[in-house]
There are 2 protein chains.
Amino acid sequence: MPKISDEKRAARRAQILAAAWTCFQKEGLHATTMDDIIRTSGLSAGAVYSYYASKDELILAAVTSSLSGLSALVEPILKAEPLPAPDQFVWQVTATIAGFTARGGYDLKRIALLGWSEAQRNERLRATMRGFYLAFRSRLEEVVEAWKRSGVVEEAASVQDTAKALLSIILGFVVQAAILGDVDAGALANGLTGLRTPDTPAQKSAQALRRQSTLKRAVPEL
Amino acid sequence: MPKISDEKRAARRAQILAAAWTCFQKEGLHATTMDDIIRTSGLSAGAVYSYYASKDELILAAVTSSLSGLSALVEPILKAEPLPAPDQFVWQVTATIAGFTARGGYDLKRIALLGWSEAQRNERLRATMRGFYLAFRSRLEEVVEAWKRSGVVEEAASVQDTAKALLSIILGFVVQAAILGDVDAGALANGLTGLRTPDTPAQKSAQALRRQSTLKRAVPEL
DNA sequence: TAAAAAAGAACGATCGTTCGTTTTATTATC
DNA sequence: GATAATAAAACGAACGATCGTTCTTTTTTA
């Protein structure tokens, strides 16, 4: 029975996925044609289609693998003992994300931007992504809990909101680094310390107000 | 000589651009066809093409107008007297961005994500965007300077880095709100205060170290 | 040798764009 | 002031290019 071995099959899939990554980040998700991927992979159309049923499947695989790659990368930081303080933590996470770029010429940040964009019209991709980021934010909540226990975050702080702020900082780094290219993890963490000054009484009362009211603002016409 | 008036011309352009916005955010930049835009604009193909030379032109116009719309929206906050404290400032900016969504069903955040993605392969768009965000960050630097003068940010902080951190938080909010949808300006600002605790001596030394070394980390295989 | 795997030419669908025609609105003429 | 002349503006069918995918043929391998 002439059937290819499981290792060979996995290798072929990886070969095609790598080609897809290369093309996607070079041209974008929609601008890369199947022919681009086929030629880059070194295989034929028939071969590629016998491993991935459609282009959408390939897009999903590319984004999913980048997400799980990110997960694997950041995981060690999340469970480090002792847990680094917030600034240090943000520094480590963003530096790790930035460092991924070096690896084989792939840029995790670019794939992330492409994925976010695509997720808005691709329901399956959106669900996958939502699940991933929600899970990641849960992990961040655990981190905040740990900070509370060790006293670096005060007990009164909202765990959910703090995790949201953390995630914003990390995601924002990805965007800014991808678009402007002149930010690094050190600058971000350093800039964060600049924002971290003790509350004045006026700020305290503003915080209390903030959670109750919704900002009503005149929105100018386009 | 039957020539349309300048107002009529501008109105037609606005009509087409509005149709493009609607389609782009519903289907994405590449998935919307010119026929989509043409039909929702209520005009003919020939008419649309006499106002915008190509689809790329329309994409650029859509993204550019969303950027300048954002600018106009945020500008009042930047020059407010007195300038709100950091948390309050972030709250106002993000609330304004979020509030834009309500306006006519257009979601500024979605267009932003689409634009970032497209900017990676469209050189003209990338240049436009870069210029916009750099200018915006300069404005943020001025804000940080003002904070320093009023004492809410300590003198030793780096203006550039603090502005980068600020921009990250804002951009991250846009991403998180667009993908997860369960964040609001209040949660973000509130979460930021949770991160804002006084330095311990250990953190101080970590900051000093951070700016000098580059993180060397083993990046696992995909 | 037999069946799975790879190849690659070919297909139908769809895209962005064009271009010959029709409509519309302004000006010149009587 | 009604009408004819005129040119911009709008129309929309049609085109060429290109896309994702299929399917028959050839090659490979257990």
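Chain letters run A, B, ... following the sequence lines, proteins first, then strands; residues in each count from 1. Just so you know, these numbers use all the heavy atoms, side chains as well, and skip hydrogens, waters and symmetry mates.
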Margin query: Pick the closest DNA chain D nucleotide for Gly46(A) and for Asp35(A) by heavy atoms, then say which residue is nearer the 5' end.
Written below: Asp35(A)
Check: Nearest-Å distance, OH (Tyr52(A)) to C1' (dG20(D))?
Finding: 17 Å
Check: What heavy-atom pair brings Ser54(B) and Tyr49(B) nearest, and what distance separates the two atoms?
Finding: CA-CE2, 4.1 Å
Next item on the list: Using atom CG of Leu43(B) as one end and atom C1' of dT24(C) as the other, report the distance to the nearest whole Å.
Entry: 14 Å
Notebook entry, point to check: If you look at every strand shown and take non-hydrogen atoms under 4.0 Å, does Ser41(B) touch a base, only sugar-phosphate, or nothing?
Noted result: nothing
Notebook entry, point to check: Atom CZ of Arg12(B) and atom P of dA9(D): how far apart are they, to the nearest Å?
Noted result: 11 Å
Next item on the list: May I ask you to evaluate whether Arg9(A) reaches the phosphate of dA4(C), defined as a side-chain N or O under 4.0 Å from OP1 or OP2?
Entry: no
Check: Counting side-chain heavy atoms from C-beta on, which of dC11(D), dT21(D), dT17(C) comes nearest to Lys55(B)?
Finding: dT17(C)
Notebook entry, point to check: Rounding to a whole Å, what distance do you find between His30(B):NE2 and dG16(C):P?
Noted result: 9 Å
Item checked: Atom pair distance, as rounded to whole Å: CG in Asp36(A) and C1' in dG20(D) -> 12 Å
Note to self: As a test of reading the structure: which of dT21(D), dA10(D), dC15(C) is closest to the side chain of Thr33(B), going by heavy atoms?
What the structure shows: dC15(C)
Notebook entry, point to check: On DNA chain D, nearest-nucleotide positions of Met34(A) versus Gly42(B): which is more 5'?
Noted result: Gly42(B)
Check: Which nucleotide, dT17(C), dA10(D), dT21(D), lies nearest any side-chain atom of Tyr49(A)?
Finding: dT21(D)
Notebook entry, point to check: Whole Å only: how far is the CG atom of Leu29(A) from the C1' atom of dC19(D)?
Noted result: 15 Å
Check: Are the charged groups of Glu75(B) and Arg139(B) less than 4.0 angstrom apart, N to O?
Finding: yes
Next item on the list: Taking only the side-chain heavy atoms of Ser44(A) (C-beta and beyond), determine which of dA6(C), dA10(D), dG16(C) contains the nearest atom.
Entry: dA6(C)
Checklist line | Mutual orientation of the aromatic rings belonging to Trp116(B) and Tyr133(B) [parallel < 30°, tilted 30-60°, perpendicular > 60°] | finding: tilted
Item checked: Glu57(B)/Arg124(B) ion pair, N-O < 4.0 Å -> yes
Notebook entry, point to check: Pick from Arg137(A), Gln160(A), Arg130(A): which one makes a side chain to side chain donor-acceptor pair (under 3.5 Å) with Asp182(B)?
Noted result: Arg137(A)
Next item on the list: Write down the distance between CG (Asp56(B)) and P (dC15(C)), rounded to a whole number of angstrom.
Entry: 16 Å
Margin query: Measure CZ/Arg39(B) against C1'/dA13(D) and give the value in whole Å, please.
Written below: 15 Å
